[in-house]
Amino acid sequence: MPDLATPAATRAPAPFFTRRTPGGPPGLALFLNAGDPPLPVMKDLVLMLDEEGVDCLELAVPFPDSVTDGPVIRRSARRALDRGGADLDDVLAFIADVRPRLAHLRIALLADWSHSLKHRDLADATRDIAATGADGLLIHALPPRLRAAHLETAAAAGLPVVTTCYTKSPPATQAQAAAHASAYLYLVAHYGRSGTAPGAGHAALAQTVTDLRAHTDSPIAVGFGVSTRQDVQAVGASGADAAIIGSAAVAAVERAQDAGLDVTEAFRDFVRSVLPAPTA
């Protein structure tokens with residue numbers, strides 16, 4: 001476990017996607033399962049993401065058989081779990097080690113309620129996560145009855161939260177998610193499993209993004225079906241602050257490992273292929 005007396009527990013929260021400017025390219029967040037690649041390799045990979053100017057890493061504590069994930073992310077989680085050494089305590093220790101070395105990259109921890117948090121005191125777990133220096137927290141499949149407690153404990157720990165909603169969520173649900181986002185709002189572009197894309201394209205989400213702006217000052221990031229630079233640019237055209245790439249990023253790691261390549265350098269190539277080009 002990280003030392004809960006570390007200064008990270010008392011530092012001011014770091015904002016997300018601060019380099020997004022009106023008319024400029026969107027920020028970029030990448031999703032990976034902790035432990036895939038193994039954590040010693042992942043340390044070099046995370047430092048590389050910082051060097052390359054990636055804005056955010058959504059780092060998941062791996063958990064099995066996610067109903068919201070497609071086969072690519074499920075395979076990744078299973079690889080990490082089969083290797084061992086990537087439970088919540090391991091991942092928190094990893095973040096505590098790597099976070100002070102990062103100049104720009106933010107880390108948003110994704111933890112599944114049933115797999116990683118259900119058997120812990122929520123307030124204690126939230127303080128532990130904040131103490132690592134994690135910049136934000138997204139709890140997957142949090143029971144609705146615990147939502148208020150989650151928001152309260154995160155605020156008390158000074159830990160910004162990532163909230164989610166779908167493009168097809170009722171307006172009241174979207175408004176509530178937007179109002180409670182203190183790290184960023186994750187707008188899921190397509191109802192289905194990760195890796196699937198909206199039929200009309202990501203730029204068609206512009207009205208939804210505009211509607212959500214009325215309820216939050218936090219950044220809005222769009223994910224699901226984002227896999228190429230063109231997709232990232234389309235997300236930017238919707239007015240969102242950032243694009244989130246999940247399955248395509250995990251698949252790049254999988255291909256590198258299967259081919260016996262240097263995972264960090266192979267992933268660097270992937271990152272450079274999807275980073276949006278700066279505007280003139």
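None of the values given here were measured: they were computed from a predicted structure. Each residue takes its place number in the sequence, starting with 1. Below, all heavy atoms of this structure are taken into account, side chains as well, without hydrogens, waters or symmetry copies.
Note on D82 versus R75: no salt bridge recorded, every NZ/NE/NH1/NH2 to OD/OE distance being 4.0 Å or above. Taking 4.0 Å as the cut-off between side-chain N and carboxylate O, R101 and D50 do not count as a salt-bridged pair. Using a 4.0 Å cut-off between a side-chain N of Lys or Arg and a carboxylate O of Asp or Glu, R272 and D269 do not qualify as a salt bridge. Ion pairing between D262 and R268 fails under the 4.0 Å rule for side-chain N and carboxylate O.
Put simply, the side chain of D90 gets close to the backbone of D87: a donor and an acceptor are under 3.5 Å apart. Listed for the D69 side chain is no donor-acceptor partner under 3.5 Å among the backbone atoms of R74. No side-chain donor-acceptor contact under 3.5 Å links R79 to the backbone of P38.
A side-chain N or O of D231 and one of T228 form a donor-acceptor pair less than 3.5 Å apart. Donor-acceptor pairing under 3.5 Å is lacking for the side chains of H180 and R147. In the model, T264 has no side-chain atom that pairs as donor or acceptor with a side-chain atom of D44 under 3.5 Å.
At least one side-chain heavy atom of R99 sits less than 4.5 Å from a side-chain heavy atom of D135.
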Distance-only donor-acceptor hits, side chain of residues 148-157, under 3.5 Å, sequence neighbours excluded:
| from | atom 1 | to | atom 2 | distance (Å) |
| --- | --- | --- | --- | --- |
| T153 | OG1 | A149 | O | 3.0 |
| T153 | OG1 | H150 | O | 3.1 |

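Note: F17 and Y184 have perpendicular aromatic rings, judged against thresholds of 30 and 60 degrees for the angle between ring planes.
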